[in-house]
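Since this is a predicted model, take the numbers as computed values, not measurements. Whatever order the structure lists ligands and atoms in, that order sets their numbers, starting from 1. Residues take their numbers from the sequence shown, with the count starting at 1.
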Amino acid sequence: MNILVIGSGGREHTICWALSKSPKVDKIYCLPGNGGISEIAECVPISVMDFDSIVEFVDSHKDIELTVVAPDDPLAGGLVDRLNEKGHRAFGPKANAAIIEASKAFSKYLMKKYGIPTANYEEFNDYENAKDYVSKAKYPLVVKADGLALGKGVIICNNVDEGLKAVKEMMIDSKFKDAGKTVIVEEFMSGQEVSILSFCDGKTIVPMVNARDHKRAYDNDEGLNTGGMGTFSPSAIYTPEIEKEVMNNIILPTLDAMNREGRTFKGVLYFGLMLTSDGVKVVEYNARFGDPETQVVLPRLKTDLADIFNAVVDGTLDKLNIEWSDEACVCVVMASGGYPENYEKGKAITIGDLDKDILLFHAGTKLQDGKLVTSGGRVLGVTALGKDINVAREKAYANVEKISFDGAFYRKDIGIKK
Ligand code: AMP
Ligand code: GLY
């Protein structure tokens with residue numbers, strides 16, 4: 001079969017790579033793709049939010065049997081709905097289910113209504129009320145923009161001044177545009193974070209192996225929040241007891257809650273979890289594969305990813321046995337100097353003689369006159385499998401050193417924490 005993947009980052013490169021291993025997949029298109037993806041897929045230069053052109057492209061390519069929508073914006077905007085309306089098969093939630101990520105006010109309402117453990121919160125649409133609340137609240141607390149804000153709409157505030165500044169930036173200065181018109185102010189939680197991605201066909205939900213992300217820019221979790229500077233899988237802190245608690249208290253209740261709300265979820269449902277002293281709580285839901293979690297999860301998948309995508313779309317996930325390798329996986333992100341703030345693009349990338357089994361997932365790269373150059377903040381995800389995390393980490397870092405571009409930086413401590 002031929003498959004179209006929507007998106008252009010390291011996550012999409014990993015999805016294309018996993019699909020390219022399937023004997024059932026003949027051809028992969030990726031829209032718009034990137035420099036690395038172009039080696040395994042035909043890249044289509046259309047923006048992920050240009051729904052008319054995307055639908056037209058799928059209409060005119062009768063060979064495409066499935067479209068996989070990977071990023072949050074087109075999911076929230078209803079690209080799956082648009083494709084379905086034209087009779088095309090698509091992997092990903094419809095807009096009415098993708099709202100579990102696209103509106104934090106909705107996800108908090110859902111968790112409160114169905115007793116799914118999360119931080120206590122208040123929702124505000126009115127600036128004066130929000131101001132009044134944060135003036136009198138206990139600190140630290142967390143102010144969140146309701147809508148999608150590229151992972152930047154969460155501000156941890158340590159005192160009243162910071163709380164007031166955060167609500168003003170979101171509600172008055174429109175720092176996150178409409179995403180910040182409504183804000184959530186929630187209790188600060190402390191604990192270790194784990195990401196659980198799951199396949200869900202609306203009736204059956206199958207968690208993938210766990211992964212841990214490193215959101216801050218620099219070693220020891222210092223610096224600004226980023227889209228993710230590296231990941232590893234599995235984490236030893238996610239014990240079988242915790243896994244059971246999460247399945248019973250969070251994963252199954254969420255599936256049930258979405259169905260009861262008439263928002264059946266089909267696709268990848270991502271649980272951002274915090275292991276607190278008071279049990280596991282949900283930090284956030286995503287309606288898609290995580291990035292860069294996907295880079296360490298899919299290399300451990302033994303089952304054919306095309307079979308899983310088809311089973312999710314057809315509602316037959318209960319018939320599939322999804323298997324994982326016992327190997328560990330580590331992904332180190334190489335980023336452009338200055339990321340996550342201002343950085344330059346167009347730097348030539350030199351890649352030395354990498355070990356044969358290294359997986360080099362491209363995020364912000366493009367081919368310019370046949371040469372690979374940087375085109376984003378996160379540039380490459382250097383990924384290695386190994387018999388345990390230490391082996392995988394050493395292999396990943398040994399190969400990071402063989403890659404260079406002007407201004408490149410990366411964290412040196414990915415996979416050190418448990
Ligand atoms: P989110 O976009 O909701 O995943 O938030 C981004 C990051 O902010 C999370 O991965 C956490 O590290 C942090 N965060 C979000 N909510 C809370 C909270 N209630 N308490 C502590 N940290 C939080
Ligand atoms: N790595 C976190 C995310 O994909 O949102």
Polar side-chain atom of Lys412 near backbone of Tyr397 as donor-acceptor pair, under 3.5 Å: no
Side-chain donor/acceptor of Asn310 to backbone N/O of Ala306, under 3.5 Å: yes
Of the listed options Arg11, Lys215, Arg288, closest to atom 3 (C) of ligand 2 (non-hydrogen atoms): Arg288
Salt bridge Lys181-Asp146, side-chain N to carboxylate O under 4.0 Å: no
Where Ile15 and Ala70 come nearest, the two heavy atoms and their spacing: CD1-CB, 4.1 Å
Which residue and heavy atom of the protein sit nearest atom 20 (N) of ligand 1, plus the separation: Met189 N, 2.8 Å
Numbered atoms and elements of ligand 1 in range of Phe188, under 4.0 angstrom, heavy atoms: 20 (N), 21 (C)
Proximal atoms of ligand 1 relative to Lys144 (non-hydrogen, under 4.0 Å): 3 (O), 15 (C), 16 (N)
Taking atom 13 (C) of ligand 1 as the reference point, the nearest protein heavy atom with its distance: Ile156 CD1, 4.1 Å
Near-ring test Tyr270/Tyr285, centroid separation under 6.0 angstrom: no
Basic-acidic side-chain contact under 4.0 Å: Asp73, Arg288: no
Residue portion contacting ligand 2 (non-hydrogen atoms closer than 4.0 Å) for Thr231: neither
Nearest non-hydrogen protein atom, atom 19 (N) of ligand 1: Glu186 OE2, 2.7 Å
Ion pair Lys165/Asp161, N-O distance below 4.0 Å: no
Closest approach of any protein heavy atom to atom 2 (C) of ligand 2, naming residue and atom: Tyr270 OH, 3.4 Å
Donor-acceptor contact present, side-chain Asp291 to main-chain Arg11, <3.5 Å: yes
Numbered atoms and elements of ligand 1 in range of Lys215, under 4.0 angstrom, heavy atoms: 10 (O)
Contact atoms of ligand 1, heavy-atom distance to Glu284 under 4.0 Å: 1 (P), 2 (O), 3 (O), 4 (O)
Lys/Arg-Asp/Glu bridge criterion (N-O < 4.0 Å) met for Glu123, Lys108: no
Where ligand 2 meets Gly290 - atom numbers and elements under 4.0 angstrom, heavy-atom basis: 4 (O)
Side-chain ion pair, Glu284 and Lys144, N-O less than 4.0 Å: no
Atom 8 (O) of ligand 1: the protein heavy-atom neighbour that sits closest, reported with distance to 0.1 Å: Val154 CG1, 3.6 Å
Residue Asp213 vicinity, atoms of ligand 2 by number, heavy atom under 4.0 Å: 1 (N), 2 (C)
Numbered atoms and elements of ligand 2 in range of Glu293, under 4.0 angstrom, heavy atoms: 1 (N), 2 (C), 4 (O)
Which residue and heavy atom of the protein sit nearest atom 10 (O) of ligand 1, plus the separation: Glu193 OE1, 2.7 Å
Check: Glu284 N/O within less than 3.5 Å of ligand 2 N/O: no
Subset of ligand 2 atoms that lie under 4.0 Å from at least one heavy atom of Asn286: 3 (C), 5 (O)
Nearest-contact summary for atom 14 (N) of ligand 1 - protein heavy atom, Å: Val283 CG1, 4.0 Å
Lys/Arg N to Asp/Glu carboxylate O, Lys24 vs Asp307, below 4.0 Å: yes
